[in-house]
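Read the structure below first, then the notes.
Indexing begins at 1, ligand by ligand and atom by atom, following the structure's order. Each residue takes its place number in the sequence, starting with 1.
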Amino acid sequence: MKSLRLTFNEHGKPNEVLRLEEHEVPSPGEGEVLLRMLASNINPSDLGTIGGSYGTLPSLPAVAGLEGIAEVEEIGHCTSGLKVGDKVRIPSTAGSWQNLICTKAANLKIVPKGIPAEQAGSAFVNPPTALLLLRRIVDLNPGDWIVQNAANSAVGIAVIQVAKKLGIRTLNLVRREELTKPLINLGADVVMLDDDQAPKNFREYTEGKVPRLALNSVGGNSAYRLCKMVIRGGTHVTFGAMTSEATRFPTRFLIFNDIELKGFG
Ligand SMILES: NC(=O)c1ccc[n+]([C@@H]2O[C@H](COP(=O)([O-])OP(=O)(O)OC[C@H]3O[C@@H](n4cnc5c(N)ncnc54)[C@H](OP(=O)(O)O)[C@@H]3O)[C@@H](O)[C@H]2O)c1
């Protein structure tokens, strides 16, 4: 059966290195299934993978896209546990930017019925990242504050929603004022512009409380500002780098405030 896929054979800018290819997909053999993609994500890590800057890179040529949901279209011999029409998470190494995938049936995760494909397709990277950031870095208690930059990102929104459920208060930094109301509606406690005023003024909005944890997915001056918004002995964790600038930190805050700098990946 003919299928289309977006592949790259060298690293570079997506518009320069991605190629749309038609190729023949085999019928599923023993222990295999044929999957039809329903929803494929575009995550920043996809751009890093295509560009060659991501931590783990596939061997080339590769099909682009790490996350997506597919429907089982055809089942090969000796394939137990899956039915035609089941929605599954595709293996992360298969490449989600394609129409059809013939792959091993073992270890495919079935998505519970009733979850829209678009929602399931973006459920496996960013929401679990938010949960782990809030649960595994610092032992946070209900009522504790955290601060994050890029609060309107997919991870940032998941952090706001998960924190709300856990009773953790969120101080959210964004680049545009019009994001304030939508983020408050999603459960954000405080939204501020990510500028040099934020470290000076934030206590006015947090009842004088200072966050125990800072979540940095930006880098550069934004990461520097976050260090100034963490309590003495608090933790600053970097899990993304949306600007290409190096993560910076104010030395005196490390020395006199004993801030711990960590990474998460
Ligand atoms: N370590 C892990 O396990 C892990 C897991 C998931 C994601 N991540 C990382 O987390 C980050 C966010 O991912 P996502 O999928 O949530 O992103 P996303 O939904 O695509 O959102 C991107 C965010 O980055 C901001 N941004 C873009 N360029 C910027 C710049 N030059 N300076 C400052 N802010 C900028 C955007 O703000 P505007 O709207 O103002 O442009 C937006 O808030 C990425 O770096 C991703 O790789 C890491």
Ligand 1 and [X], any nitrogen or oxygen pair closer than 3.5 angstrom?
{"X": "F239", "result": "yes"}
{"X": "V125", "result": "no"}
{"X": "S45", "result": "no"}
{"X": "R176", "result": "yes"}

Interfacing atoms of ligand 1 (cut-off 4.0 Å, heavy-atom, A241) | 45 (O)
Could you find the nearest protein heavy atom to [atom] and give me its residue, atom name and distance?
{"atom": "atom 3 (O) of ligand 1", "result": "F264 CE2, 3.6 Å"}
{"atom": "atom 19 (O) of ligand 1", "result": "A154 N, 2.8 Å"}
{"atom": "atom 13 (O) of ligand 1", "result": "P44 CG, 3.6 Å"}
{"atom": "atom 6 (C) of ligand 1", "result": "N126 OD1, 3.3 Å"}
{"atom": "atom 16 (O) of ligand 1", "result": "V155 N, 2.8 Å"}
{"atom": "atom 29 (C) of ligand 1", "result": "R175 NH2, 3.5 Å"}
{"atom": "atom 43 (O) of ligand 1", "result": "N152 OD1, 2.8 Å"}
{"atom": "atom 44 (C) of ligand 1", "result": "M242 SD, 3.5 Å"}

Interatomic distance, NE2@H236 vs CG@N216, rounded to 0.5 Å, equals 4.5 Å
Within the 4.0 Å heavy-atom cut-off, what A151 brings close to ligand 1 is neither
Taking [X] for the side chain and [Y] for the main chain, is one N or O donor matched with an acceptor at less than 3.5 Å?
{"X": "E24", "Y": "M1", "value": "yes"}
{"X": "W97", "Y": "N41", "value": "yes"}
{"X": "E21", "Y": "T7", "value": "no"}

Considering residues, nucleotides and ligands other than F249, do more than 12 of their heavy atoms fall under 6.0 Å from its CZ?
->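 For F249, atom CZ is not crowded (no more than 12 foreign heavy atoms under 6.0 Å).
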Under the side chain to side chain contact (heavy atoms under 4.5 Å, CB included) test, which residues partner K181, sequence neighbours left out?
->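 With neighbours one apart ignored, the set is N185.
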Salt bridge flag under 4.0 Å for residues D258 and R232 =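 R232 and D258: not salt-bridged.
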Run through R176, R225, R175 and flag the one making a side chain to side chain donor-acceptor pair (under 3.5 Å) with D194.
->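 Exactly one option meets the side chain to side chain donor-acceptor pair (under 3.5 Å) with D194, and it is R225.
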Single hit among D189, I146, V147, T206 for side-chain contact (heavy atoms from CB on, under 4.5 Å) with R169 = D189
